Asks: 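Attaching a single structure in structure tokens format; questions to follow.
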Amino acid sequence: MSNIINLLTRAFFMSTPLILGALGEVIAERTGMMVTAVEGIFLIGAWGGFIGAYLSGNLVIGFLVAMICGILVAMLYGVTTVYMNQHQIVMGTAIAILTTGFCTFFYRVIFGVQTTPLKVETLPVIAIPFLSEIPIIGPIVFSQNIVTYLTYLLVPVIFYVLFKTSLGLTLRSCGESPEAADAAGINVRQVRFLAVAVAGCLGGVAGAYYSLCNVGMYTSEIISGRGWIAFGICFLGNWNPVGALTFGIVFGISDAIGVYVKALGLAGLPSELFSALPYFLVIVLTVCRKQLKVPEKLGVNYIKEN
Amino acid sequence: MKNNKTKDFIIWTILAIVLGLFCSFVFLPMLDVNPITAVSIMFKDTFSDTFTIGNIFIKTAPLILTGLAFAFTYKANLYNIGAQGQFYTGCICASAASLALGGKLPGVLVILIAMICSMLGGAMVGFIIGFLKARFNANEFLISMMSTYVITFMMQLLLRTVLQESKHEYLKTDYLDSSTWLPKIIPGTSVSFGIVIAVIAAVGCWFLLYKTSIGYRIRVTGMNQEAARMSGINPKNQYMIAFAISGAIAGLAGLVEVNGMQHMLLTGFDTDIGSYGIGIAILANAHPLGVIPAALLFGFLQVGGTVLGHASDAPASVIDLMQGFVMLFVLMSFFFRRKIELRRLKQQKIAGEEAV
């Protein structure tokens, strides 16, 4: 029993960055922008977060630096795709290569060659009084760190903003019918650009979660495709914050199972197959699940005619 | 008019490449490396002996193929960003076939069988992606991206179990029998027949895309899916064909790398060859023949970067920095080129109207 509780606690812990990244992706994709730079944004978030936290000795500053780094990379992506009409998928790959080189290069510039990896204290767990004493649910849900709690709060907030406010309508109209939005006086490009920046901000925090909450250090393999999983979660969750939450937890569980099986170290068990589980799950779910709410102009750049 | 366009394209691309390299070298003083010396080291030392020049061709061969893999689907307006996974599938198939048959059959025959296996393996993965896209309208680039990770873990599993070396020490296979190695074509270097295979593949792709009806159908589907459907081309079939061919090309890259270069299969090698392929295809504007010089450039950057790393304090990450900046600026140059082209067209139109 305690094994299962540990596993689920770990699952919720690991789902946070995926949900955060997917939430940012939901906002951007509702305006028609696929943020394919998400892998790069996660990586630079992890890098910036670690550097900020290590040099200042303060995790909050780390997360702030991660946000800024995420926003900057997202803005680079935004400028080239929204304003320069370059293809979104291709641009994302270019940015992924660039950030990989950039992060490794400047890690070296700042810290030189290190024989042992530098470490920071990870973000402490805050057990919420009373609630954390509830059997089973208490240790799983209410003994997490502050970023996890904030992420769960963010889900209803983003849901409300997207579907119940005029701001949400503005965002969604840019993804459904940019021509109509333009005719209604909305600056489509600006809305899309800002939405990408917001996605960059959330993605930066999500990346920093891996370096500051999970392992307390930075390596160049720290993200290894998890940005793409967040991207997939957004698709699977039907471009809905609640869907992002649900699938985020599903992937958190599969991620935790993979880590758990690997830690068991049973020779007969093909642990690699369990590690591949989240990625395989994206494929299976993408195929099985009907995607109903695809934003009409997703991935199509809006070019205003003169 | 068309010549003008090609000239513009070449000028702008070269400009972008120079700017990209400039941006990456600007940071080198932070590591106490003089950028000007760095440039001269990169050019002088790389071209100083035939062995290092040969290394460029070794690096280029698989890059041409992964570049072609992305370019091929790009023509059908599809995005195969999983060339990495298809490349690994090709590696697995090629090494399995060579290990099983090496020494038992004549080398040439084994290489041919390994080649067919690697292409079939890659084509299989590609076909599955294309099929899921056609049948379930699944998002092809999400699936192809994820397939890479699944295959990478599969490869690790295989390397830990059935394919592992006889010493059972590291996650790698035994060395392939030397009769199954691709023959070296330039004495004094390790350049293998792989580069010839890659160039033939590029020409073949060009022929297939521009001179045959299969290629025509694929390109029409890419340009306008509705128009293709109206004229009796089933776009869904084109998805599967394009993806299968693209996968086969990426799988072939696996053979070139395993039988031509590594002579064994090990974990975690060439982890970015798929994304470099995308960069190369973009640099070449997705033209199969343009892929060759673009891949040569990336090959040069990788060898030059390594040489620079040996000769100075510059880290290997400068290679990614260079490749990233070059890609970024090339993409940006597309925008400026288009803008200038539009302005020129406008002026022509105005001039035309005034003449009337």
Side-chain angles (χ1 to χ4, degrees), chain A residues 34 36 39-40 76 79-81 83-87 89-110 112-113 220-221 224-225 228-229 231-232 235-236 258 270-283 286-291 294 299, chain B residues 24 27-28 30-31 70 74 79 81 128-129 132 135-139 141-143 145-158 160-161 268 271-272 274-276 278-279 281-282 313-328 330-332 334-336 338-339:
Chain A
M34 290 191 288
T36 48
E39 185 79 12
L76 176 65
V79 167
T80 43
T81 50
Y83 289 105
M84 297 170 88
N85 303 322
Q86 290 312 309
H87 199 283
I89 295 169
V90 172
M91 204 61 227
T93 316
I95 286 184
I97 295 179
L98 185 62
T99 46
T100 312
F102 184 88
C103 291
T104 319
F105 186 87
F106 280 93
Y107 187 84
R108 167 86 181 266
V109 167
I110 295 168
V113 185
S220 52
E221 295 89 29
S224 62
W228 284 109
I229 290 196
F231 186 84
F235 271 71
L236 297 173
S271 63
E272 287 88 353
L273 292 186
F274 289 92
S275 304
L277 195 63
Y279 307 99
F280 190 65
L281 213 56
V282 175
I283 299 179
T286 320
V287 171
C288 297
R289 211 173 136 75
K290 284 230 156 41
Q291 291 168 350
V294 191
Chain B
S24 10
F27 296 119
L28 281 178
M30 292 179 174
L31 288 172
F70 183 77
Y74 195 74
Y79 299 91
I81 55 176
I128 292 172
I129 299 168
L132 294 178
R135 173 75 181 75
F136 300 101
N137 196 22
N139 191 306
F141 69 86
L142 194 54
I143 291 187
M145 191 73 208
M146 290 298 134
S147 70
T148 297
Y149 291 102
V150 175
I151 293 166
T152 311
F153 283 114
M154 291 287 187
M155 189 168 95
Q156 274 179 26
L157 177 65
L158 289 173
R160 194 168 59 87
T161 53
T271 45
D272 284 322
S275 17
Y276 295 153
I278 300 176
I282 294 311
D313 279 341
S317 49
V318 79
I319 301 174
D320 271 336
L321 210 57
M322 287 189 289
Q323 291 179 144
F325 271 123
V326 166
M327 259 182 95
L328 185 71
V330 167
L331 284 167
M332 283 183 172
F334 286 167
F335 169 75
F336 290 112
R338 175 95 190 122
K339 211 165 182 184

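These numbers were taken from a predicted model, which means no experiment stands behind them. Quick note on labels: first sequence line is chain A, next is B, and so on, each numbered from 1.
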Asks: Is the shortest heavy-atom distance from the side chain of B:Met327 to the side chain of A:Ile95 under 4.5 Å?
Replies: no
Asks: Are B:Leu328 and A:Met91 close enough that some pair of their side-chain heavy atoms sits under 4.5 Å apart?
Replies: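 Touching, per the 4.5 Å side-chain cut-off.
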Asks: Roughly how far, to the nearest 0.5 Å, is CG of B:Asn139 from CD1 of A:Ile283?
Replies: 12.0 Å
Asks: For the candidates A:Ser224, A:Gly112, A:Ala96, A:Ser271, which exhibits the highest count of non-hydrogen atom pairs separated by less than 4.5 Å from chain B?
Replies: A:Ser224
Asks: Could you please spell out the steps behind the side chain to side chain contact (heavy atoms under 4.5 Å, CB included) verdict for B:Ile151 and A:Tyr279?
Replies: CA-CA 10 Å; B:Ile151 293 166; A:Tyr279 307 99; over 6 Å; no
Asks: Which bit of B:Leu331 comes within less than 4.5 Å of chain A, counting heavy atoms only: side chain, backbone, both or neither?
Replies: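 Both parts, backbone and side chain.
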Asks: Using a 4.5 Å cut-off on heavy atoms from C-beta on, say whether the side chain of A:Val90 contacts that of B:Tyr74.
Replies: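 B:Tyr74 reaches A:Val90 side chain to side chain.
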Asks: What is the distance from atom CE of A:Met84 to atom NZ of B:Lys339, rounded to the nearest 0.5 Å?
Replies: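 If we round to the nearest 0.5 Å, A:Met84:CE and B:Lys339:NZ are 8.5 Å apart.
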Asks: Using non-hydrogen atoms and a 4.5 Å limit, figure out which bit of A:Ser220 sits close to chain B: side chain, backbone, both or neither.
Replies: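 For A:Ser220, neither part sits under 4.5 Å from chain B.
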Asks: Which bit of B:Ile278 comes within less than 4.5 Å of chain A, counting heavy atoms only: side chain, backbone, both or neither?
Replies: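 Only the side chain of B:Ile278 comes within 4.5 Å of chain A.
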Asks: Take a 6.0 Å sphere around CZ of B:Phe153 and say whether it holds more than 12 heavy atoms from other residues, nucleotides or ligands.
Replies: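 Yes, enclosed.
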Asks: Identify the heavy atoms of B:Leu157 and A:Pro270 that sit nearest to each other, and give their distance.
Replies: CD1-CB, 3.5 Å
Asks: Report yes if some heavy atom in the side chain of B:Phe325 is under 4.5 Å from a heavy atom in the side chain of A:Leu98; otherwise report no.
Replies: yes
Asks: Restricting to non-hydrogen atoms, name the atom on A:Thr104 and the atom on B:Ser317 that form the minimum distance, rounded to 0.1 Å.
Replies: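 What the structure gives for the nearest pair is CB-CB, 3.5 Å.
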Asks: Looking at B:Phe336, B:Phe141, B:Phe136, which has the largest count of heavy-atom pairs under 4.5 Å with chain A?
Replies: B:Phe141
Asks: Parallel, tilted or perpendicular: which describes the rings of B:Phe27 and A:Phe106, with under 30° parallel and over 60° perpendicular?
Replies: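 If you compare the ring of B:Phe27 with that of A:Phe106, the planes turn out perpendicular.
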Asks: Less than 4.5 Å apart, side chain to side chain, heavy atoms only: is that true for A:Phe231 and B:Met145?
Replies: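 Heavy-atom side-chain distance check fails, nothing below 4.5 Å.
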Asks: In terms of heavy-atom proximity below 4.5 Å to chain B, should A:Leu281 be classed as side chain, backbone, both, or neither?
Replies: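 For A:Leu281, no heavy atom lies under 4.5 Å from chain B.
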Asks: Look up atom OG1 in A:Thr286 and atom CG in B:Leu132, then write down how far apart they are to the nearest 0.5 Å.
Replies: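 Answer for the OG1-CG pair, A:Thr286 versus B:Leu132, is 9.0 Å.
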Asks: With chain B, which of A:Leu76, A:Leu277, A:Asn85 has the greatest number of heavy-atom pairs at distances under 4.5 Å?
Replies: A:Leu76
Asks: Do B:Asp272 and A:Ile97 have side chains that approach each other closer than 4.5 Å (heavy atoms only, starting at C-beta)?
Replies: no
Asks: Measuring from atom CG of B:Leu142 to atom CE of A:Met34, what distance do you get when rounded to the nearest 0.5 angstrom?
Replies: 10.0 Å
Asks: Please tell me if the side chains of A:Ile89 and B:Ile81 come closer than 4.5 Å, counting only heavy atoms from C-beta onward.
Replies: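 A:Ile89 reaches B:Ile81 side chain to side chain.
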Asks: Using every non-hydrogen atom in the two residues, find where A:Gly101 and B:Leu321 come nearest and quote the distance to one decimal.
Replies: C-CD1, 3.7 Å
Asks: Give, as side chain, backbone, both or neither, the part of A:Glu221 having an atom under 4.5 angstrom from any heavy atom of chain B.
Replies: neither
Asks: Counting only heavy atoms not in B:Met154, do more than 12 fall under 6.0 Å of its CE?
Replies: no
Asks: Determine whether B:Phe335 and A:Thr80 make a side-chain contact, defined as any pair of heavy atoms from C-beta on separated by less than 4.5 Å.
Replies: no
Asks: Against chain B, label A:Ser275 side chain, backbone, both or neither, depending on which of its atoms sit under 4.5 Å from a heavy atom there.
Replies: both
Asks: First locate atom CZ of A:Phe105, then atom CG of B:Asp320, and finally report the distance between them rounded to the nearest 0.5 Å.
Replies: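 Interatomic distance, A:Phe105 CZ to B:Asp320 CG, rounded to 0.5 Å: 12.0 Å.
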